[in-house]
Chemist: 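First the structure, which I've put down as C-alpha cells, then a few questions once you've had a look.
A note on names: the letters A, B, ... follow the listed sequences, proteins ahead of strands, and every chain is numbered from 1.
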Amino acid sequence: MATVDLPLPRLGVGAETAPRPIKVVLNWGRRYSLWVFNFGLACCAIEFIAASMARHDFIRLGVIPFAPGPRQADLMVVSGTVTDKMAPAVRRLYDQMPEPKYVISFGACSNSGGPYWDSYCVTKGVDTVVPVDVYVPGCPPRPEALLQGIIKLQEKIASESLSSKGMRAKYGGHRAATAAEVTRPLVAPPTREVVGG
Amino acid sequence: MTEAAKGSRAAGIPGLVRGLAATARTLARPTHTSEYPDAPPSLPPRSRGVIALLAENCTSCMLCARECPDWCIYIDSHKETVPATTPGGRDRQRNVLDRFAIDFSLCMYCGICVEVCPFDALFWSPEFEYAELDIRELLHERDRLGQWMATVPPPPALDERSADPAEVSALGKPARAPRAPRQAAAEEGQA
C-alpha cells in the first residue's frame with residue numbers, strides 16, 4: 001500500500017520564543033484543561049468510567065470527558081487490551097489528535113499485554129504503537145490510581161518546555177499514513193429519501 | 001399493579017412538581033465525591049494494591065515464579081555451603097536470594113504468589129500510587145518490594161470462637177517424657 005508523509009508538528013514562532021513566565025502560564029493552562037478521549041477496549045474502561053462519575057469525578061482535576069472525538073482531545077487514555085487488529089485504529093486516532101497530546105496507558109493489558117503477553121493477536125503494550133506518557137499499573141487499576149496517574153501527567157506537563165524539535169522527536173523523524181487514509185473523500189451527508197416512494 | 005392504577009395514583013401531582021421534588025431531595029443530600037488527592041481513599045480490607053516482599057523469609061524455592069500465570073516474577077539465587085556445626089557433622093547447603101523482581105506492568109494481581117508462598121514472604125499491600133513515566137520502572141526490584149512491607153496492614157483478628165492457633169495450643173500441652181538413655185536401652189537388648 002502506498003504511503004504518504006504527513007507533516008511533522010511544529011510550534012508557532014510566538015510559542016517557541018516565549019519567555020519562561022509565558023511558558024509557565026501556557027503549561028498551567030494545558031495542565032488543567034485536559035480534554036480526555038477514552039479509548040476503552042476492555043474491563044479497564046469500566047474503571048475509567050467510574051473515575052469520571054460523581055464519586056471520583058476527575059473534572060475536579062481539570063480532566064474533561066466531553067471531547068466529541070480525538071480531534072478535540074488533548075489526552076488519550078488507552079484502557080484495555082489492544083489487539084493487533086485494533087492497533088492501526090489506535091494509531092490513526094492518535095494521529096488525528098492536535099499537538100500537544102498526551103497518552104495514559106491504563107492497566108496491565110495496555111502497558112505490556114498483561115495476561116495476554118503470549119497471545120498471537122494482542123499488541124504487547126500500546127507503547128509499541130503510540131508514545132505513552134504515563135503508565136498506570138493494575139489489573140484493573142483503581143479509579144484513584146487513574147487520578148494519581150493524571151496528577152503525575154500534570155506534573156510532567158508543568159515541567160516541560162515545548163519545542164518543535166521535542167515534539168518531532170516523538171515521531172522519530174517521520175509520520176507516515178497510507179494514501180487511502182488521507183485521500184479518502186468525506187462521507188456524504190445523508191440524503192432525505194421518500195419512504196415507500 | 002395495572003397501568004391504569006399507576007396512572008390514577010400519580011394523576012394528582014403534575015410531573016413537573018414531582019421532578020422538582022426529586023431535584024430538591026438531591027440538593028439536600030451531601031455529595032459523595034471523595035476528594036482523593038487531599039483525602040486518603042477508604043480502601044476495602046484485603047484490597048490488592050501491590051505485592052510486598054519480606055526477603056528474609058524467602059528461600060528462593062521458586063514456587064511463586066512457577067505458579068505465576070503471567071510469569072512476571074524473576075528470581076535468581078545461588079547455593080551456599082553452611083559448614084557443619086557439630087564435629088563429624090555434615091555440611092549443609094542453603095539458597096541465597098540474589099534477585100527478586102516483580103514486573104507490575106505484567107502482573108494481573110491474582111494473588112496466587114501470595115497464596116502459594118510456603119514461608120510467608122509475600123504480602124498484599126493496599127498501596128496503588130506507583131504510576132510511572134517510564135515502563136521500566138514498573139519492574140520493582142527486591143529493595144523496592146521490601147519498601148512496600150511498611151505499608152502491609154496487620155492480619156485480621158481471628159474469629160472469636162475459632163480454635164486457638166497451633167502455637168498457643170502447643171504451649172498448653174504437657175511436655176514429652178524424656179527418652180530413656182541410649183546406653184541402658186542397648187544393655188537391655190543384649191540381655
Side-chain angles (χ1 to χ4, degrees), chain A residues 43-44 47 50-62 77 81 102-119 124-128 131-157 159-160, chain B residues 26-27 29-52 67-74 101-114 124-141 144-145 148 151:
Chain A
C43 32
C44 285
E47 298 293 316
S52 71
M53 286 299 176
R55 185 172 297 279
H56 301 290
D57 191 19
F58 58 35
I59 305 185
R60 288 180 298 129
L61 306 176
V77 178
T81 319
Y102 308 97
V103 178
I104 290 182
S105 165
F106 185 66
C109 286
S110 58
N111 283 345
S112 65
Y116 312 110
W117 64 272
D118 207 12
S119 164
K124 311 301 178 270
V126 74
D127 51 359
T128 59
V132 174
D133 291 288
V134 176
Y135 298 86
V136 179
C139 187
R142 299 185 60 77
E144 288 97 342
L146 176 62
L147 300 183
Q148 198 252 337
I150 287 166
I151 291 166
K152 199 122 186 167
L153 177 68
Q154 288 176 339
E155 284 164 7
K156 184 185 174 177
I157 295 170
S159 64
E160 80 183 353
Chain B
T26 315
L27 267 180
R29 228 179 282 147
T31 59
H32 61 275
T33 305
S34 58
E35 303 284 330
Y36 159 62
D38 304 322
S42 63
L43 299 175
R46 290 182 281 125
S47 73
R48 300 175 175 190
V50 69
I51 296 166
E67 294 296 327
C68 178
D70 277 355
W71 293 44
C72 68
I73 301 180
Y74 303 94
I102 300 182
D103 188 351
F104 282 109
S105 74
L106 266 182
C107 178
M108 61 190 258
Y109 299 82
C110 60
I112 291 178
C113 51
V114 179
W124 277 116
S125 157
E127 288 294 312
F128 56 87
E129 296 170 313
Y130 52 104
E132 297 288 354
L133 302 179
D134 189 345
I135 196 162
R136 285 169 289 189
E137 284 165 32
L138 283 178
L139 180 69
H140 289 197
E141 291 290 342
R144 181 114 191 251
L145 290 172
W148 293 120
T151 62

Chemist: Most heavy-atom pairs under 4.5 angstrom with chain B, which of L147(A), D57(A), L61(A)?
Modeler: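 Most heavy-atom pairs under 4.5 Å with chain B: L147(A).
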Chemist: Looking only at the side chains, is there a donor atom on one of E160(A) and Y102(A) sitting less than 3.5 Å from an acceptor on the other?
Modeler: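 Looking only at side-chain atoms, Y102(A) and E160(A) do form a donor-acceptor pair, the distance falling under 3.5 Å.
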Chemist: Go through the atoms of R60(A) and report whether side chain, backbone, both or neither lie under 4.5 Å from a heavy atom of chain B.
Modeler: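 Side chain only.
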Chemist: Without hydrogens or angle criteria, can the side chains of D134(B) and Y135(A) be said to hold a donor-acceptor pair below 3.5 Å?
Modeler: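 No - no donor-acceptor pair under 3.5 Å links their side chains.
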Chemist: Against chain B, label L146(A) side chain, backbone, both or neither, depending on which of its atoms sit under 4.5 Å from a heavy atom there.
Modeler: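 L146(A) has no heavy atom closer than 4.5 Å to chain B.
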Chemist: Kindly check if the number of other-residue, nucleotide or ligand heavy atoms within 6.0 Å of CZ (R46(B)) is above 12?
Modeler: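 No, CZ of R46(B) has 12 or fewer neighbouring heavy atoms, counting only those of other groups under 6.0 Å.
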Chemist: Enumerate by number any residue of residues 105-113 of chain A whose heavy atoms lie under 4.5 Å from heavy atoms of chain B; in the absence of such residues, state 'none'.
Modeler: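 The stretch touches chain B at A108(A), N111(A), S112(A).
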Chemist: When you check the gap from the basic side-chain N to the acidic O, do R144(B) and E137(B) get nearer than 4.0 Å?
Modeler: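 Not counted as a salt bridge, because no side-chain N and carboxylate O are separated by less than 4.0 Å.
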Chemist: Is it true that atom OH of Y116(A) has more than 12 heavy atoms of other residues, nucleotides or ligands lying nearer than 6.0 Å?
Modeler: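 Not buried by this count: 12 neighbours or fewer within 6.0 Å.
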Chemist: If you tally heavy-atom pairs under 4.5 Å against chain B, which of G138(A), P141(A), G149(A), P137(A) wins?
Modeler: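 Option with the top pair count is P137(A).
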Chemist: Decide if the gap between the ring center of Y36(B) and the ring center of H56(A) is smaller than 6.0 angstrom.
Modeler: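 No - the distance between ring centres of Y36(B) and H56(A) does not fall below the 6.0 Å cut-off.
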Chemist: Could you tell me whether a side-chain N or O of S47(B) sits under 3.5 Å from a main-chain N or O of L43(B), the two making a donor and an acceptor?
Modeler: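 Absent.
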Chemist: Within the distance-only criterion (no hydrogens, no angle test), does the side chain of R55(A) pair as donor or acceptor with the backbone N or O of T33(B) below 3.5 angstrom?
Modeler: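 No; judged by distance alone, with no hydrogens or angles, the pair does not exist.
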Chemist: Can you say whether D103(B) sits under 4.5 Å from chain A via the side chain, the backbone, both, or neither, judging by heavy atoms?
Modeler: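 Nothing of D103(B), per the 4.5 Å heavy-atom cut-off to chain A.
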Chemist: Out of A145(A), P143(A), G125(A), P115(A), which one racks up the most heavy-atom pairs below 4.5 Å with chain B?
Modeler: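 Winner by heavy-atom pair count: P115(A).
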Chemist: Could you tell me which of L133(B), I135(B), L138(B) has the largest number of non-hydrogen atom pairs under 4.5 Å with chain A?
Modeler: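 Most heavy-atom pairs within the cutoff with chain A belong to I135(B).
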Chemist: Quick one: which of D133(A), I151(A), V136(A) has the most heavy-atom pairs under 4.5 Å with chain B, could you say?
Modeler: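 The option with the most such pairs is D133(A).
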Chemist: Checking R48(B) side chain against C110(B) main chain: does a donor-acceptor pair fall under 3.5 Å?
Modeler: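 Indeed, once roles are kept as given, a pair shorter than 3.5 Å links the two residues.
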Chemist: With a 4.5 angstrom heavy-atom cut-off, which part of D118(A) approaches chain B: side chain, backbone, both or neither?
Modeler: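 No part of it gets close to chain B.
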Chemist: Could you check whether any side-chain N or O of W117(A) sits under 3.5 Å from a backbone N or O of D70(B), counting only pairs where one atom can act as donor and the other as acceptor?
Modeler: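 Present.
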